[in-house]
Amino acid sequence: MRVALRWILALVAVTVTVTLIFAFFQAKAEKRALRNELEGRAQALGETLQDHVEALLSSPDPTALANYLSQVENRDSLYGIAVYNDLGTELAATPSLVGALKLLPSVVTRAISENGGRGRFIDVGPTLLYLYALPLHRGPSVTGAVGMFYDASYIDAEIARIWRTTFWTLVVEIFFIVLITILVIRWALTGNITRMAQWMRQWRRGSSHAAPPLPDDDLFKPLAEEVRHMTAMLAAARAAAEKEAQLRESAESLWTPERLRVHVKGKLQERPLFVVSNREPYVHIKNGRSVQVVVPASGLVTALEPVLLACEGTWIAHGAGDADRETVGPGDRLRVPPDNPHYTLRRVFLSPEEETGYYYGFSNEGLWPLCHIAHMRPIFRASDWEAYQTVNRKFAEAALEEMEGTEEPVVLVQDYHFALLPRLIKTERPEARVAIFWHIPWPNPQAFGICPWQRELLDGLLGADLIGFHIQAHCNHFLETVDQALESRIDWDRFVVNRRGHRTHVRRFPISVNPAELAPPEGTKPPPVDRVALLKEHGVDAVLMGVGVDRVDYTKGIPERFRAVERFLEKYPDYQGRFTFLQVGAPSRSTIQRYRDLLAEVKAEADRVNARFATPHWKPIVYLQTLHSHAQLARYYRAANLCMVTALHDGMNLVAKEFVAAREDERGVLILSRFAGAAYELRDALIVNPYDTEQLAEAIRAALEMTPEEETLRMQAMRRVVAEHNVYRWAANLIAELTEIRTEEPRPVGAL
Ligand code: GDG
């Protein structure tokens, strides 16, 4: 209440001061106006009175003057009238003046001596009088004066009335100030604060999870925002703690972001972590005049962000957004996540030539087709190789700069864009622990050997202490390639390459998804997606649905998939008009001609199959050529009877795992290429050879005709795999291995 009292006192002081100032000036103006009005009245009467009195002074009747004065006094509400001779002696006066004036008022003398009307306010006992005196003449000479006395006490009464009114106004104002202040404070502050405190108490006891009860107005907005953030964090922490407790209770080994955080902290022992990737976790993009922050839909970001949130390191990545340059601070750094900064994002900016040569050229026209056996010839241009080396050096310089002052830094390099980076870093910082994770397949030595710079690439990679692949076959291929291309000693038991005294461990770390991202929020059960209605949104009447989700890439086997749908409908015509395949094809790398050609080819193939079978209300393929949100993808995954992943060669393939993670109804069949890394884990999918159209068509039929019991059994088994081998486990294993491996060769016994 002290706040209320201070607030009231301040308001009262201001109100009283302002009101008194106004009242003072009002009283002053009123007094002046009343006096002027009285003076005017006296002058007007004086002019008529002057002539009559002059005439009556020479009247022989001595009572005539007195009678006249009495009449005038009554008629004009005068207090009194007196007539004086030129010496100031009273000649006649109305009775009210008798004895009232002890002395001759000076104004009468002045009127006589100055021969003009003069007025003055005089106090007569308790009464205030206004006396107006006019000279009397006989011929040119002044013979005396007539004085008119007005009772002017009403002027003081009027002024007193003004002050009285002011006083009562103030009393009323102060009353309302006190009342309103108390009410406002009670409603706006005390009420809200009490509600907030009650809500916090309930929240603390766990009996409420409702939103904070604060209004969203200007006064409470910042507080409400902070409280919202705080409770969201507390809710997440509480949920994580409960989950951990449940896990301990059920002795399961599920990985959560919270568990990953604890694990990474323990492994890194307060050391910061450095991550290098081509893709950045936060992209700034211009949107009209404003700038928008976008989190790219990427499994890599999902996996690595919790690690960086745990250990406050630095993520070095290509600043690819069109507003990225204007949103960095000194040293091209910024703190992220934007609304709750925890780690540093260091952006590396590339010239258009560098980006073309390093990213589109060497990485995506050279290494990508080199590593994927999809029968697409890699293109190796010397200029692209130059750019690849330059950009790798540029990223290495940025990483080294960031690592300055950190002892034994731990570095996680991502993907085929940075094969040279491990060597570049280790040359400068031999004590750093460096791992590189290769997200795409590693082909057999003969296939890799066609790269003119295979030795340089291998040398760069072997700078690392740890190299990760998705599956064992890729590890094997890598070691075989090293064996054939370089002078080294390979320990096949331990999967270690010994070269020039340095050991590089090669391990498999199958990447995965965050199942929670595709599942509905914990504790909620969304209604099943209406498949028929969803297809109707796309202009199709059908009851059965297949789904495919891919970046449009020639490794993903999209035309093969469409041909399989064609063959299926041809072989089993009963399904015509009943089954539709929905393909999401997010355009990718479309500055490269081959990818543009592929976009056209996929579209033409869909049109061809549609033209062959379509009816007015049905078609076999719905091809959506745009990027979709994860929520939209989850809806398609949930609605489908089957999902087709027909990659011709794929490191892992996250779509297969996303489909499984989205199916909390434990239904749906996954048709999965044996050439995708995911096929090694998801054994309960229908494993297919995507080049075998006949087999693919049969797989579609088998999926659509599978009994619900078998569908559920298979999906349950796959869901267990995805839940346990999730993306957090991938990150945890990678970091644990990197921090624990021995980087020097153990000395032989004799050397001890
Ligand atoms: C490489 C390796 C490895 C697709 N369309 C949309 C969209 N996507 C998302 C999917 C999925 C991701 O893109 C694709 O992941 P993949 O694993 O299938 O393939 P790559 O992009 O080739 O990734 C691969 C992966 O690295 C991880 O190591 O598995 O083998 O080639 O998450 O959902 N996402 C959004 N809209 C779309 O329209 N938001």
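Counting starts at 1 for both ligands and their atoms, following the listed order. Since this is a predicted model, take the numbers as computed values, not measurements.
The residue from Arg551, Glu658, Gln625 that puts a heavy atom closest to atom 20 (P) of ligand 1 is Arg551.
In summary, the atoms of ligand 1 found under 4.0 Å from a heavy atom of Gly651, numbered by their order in the structure, are 30 (O). Atoms of ligand 1 lying under 4.0 Å from any heavy atom of His630, numbered from 1 in the order shown and given with element: 33 (O). Near Val584, the atoms of ligand 1 lying under 4.0 angstrom from a non-hydrogen atom of the residue are 38 (O). The Ile511 neighbourhood of ligand 1 comprises atoms 27 (C), 28 (O), with distances under 4.0 Å to a heavy atom of that residue. Each of the following atoms of ligand 1 lies closer than 4.0 Å to a heavy atom of Ala586: 5 (N), 38 (O). Every atom of ligand 1 is numbered from 1 in the order shown, and the set under 4.0 Å from a heavy atom of Val549 is 4 (C), 5 (N). Within ligand 1, counting atoms from 1 as listed, the ones closer than 4.0 Å to a heavy atom of His628 are 35 (C), 36 (N), 37 (C), 38 (O), 39 (N).
Look at Glu566 and Arg608 and you find a salt bridge, because one of the NZ, NE, NH1 or NH2 atoms lies within 4.0 Å of a carboxylate O, short of that distance.
Taking distance alone, with nitrogen or oxygen atoms compared against 3.5 Å, His439 approaches ligand 1 more closely than that limit. In terms of polar-atom proximity, defined here as any N/O pair under 3.5 Å, Lys556 does make such a contact with ligand 1. Of the N or O atoms in Ile440, none lie within a sub-3.5 Å distance of an N or O in ligand 1.
Proximity of a side-chain donor or acceptor of Asn392 to a complementary backbone N or O of His417 within less than 3.5 Å is detected. Judged by distance alone, the side chain of Lys426 and the main-chain N or O of Ala432 form a donor-acceptor pair under 3.5 Å. For the pair Arg531 (side chain) and Met545 (backbone), a donor-acceptor distance under 3.5 Å is absent.
Checked options Phe509, Phe469, Phe437; the residue passing with Trp730 is Phe437 (criterion: ring-ring contact (aromatic ring centres under 6.0 Å, His included)). The only member of Trp385, Phe448, Tyr388 that meets ring-ring contact (aromatic ring centres under 6.0 Å, His included) when paired with Trp453 is Trp385.
Residue-level proximity to ligand 1 for Leu633 is carried by the side chain, the only part with a heavy atom below 4.0 angstrom.
Remark: distances from the non-hydrogen atoms of His470 to ligand 1 include one below 4.0 Å. In this structure, Trp368 is part of the shell of residues with a heavy atom less than 4.0 angstrom from ligand 1.
Judged as a salt bridge (Lys or Arg N to Asp or Glu O under 4.0 Å), and not counting sequence neighbours, the contacts of Arg667 are Glu711. His284 meets the ring-ring contact (aromatic ring centres under 6.0 Å, His included) test with no other residue; sequence neighbours excluded.
Arg279 is not listed as a side-chain neighbour of Asp415, based on a closest heavy-atom distance of 4.5 Å or more.
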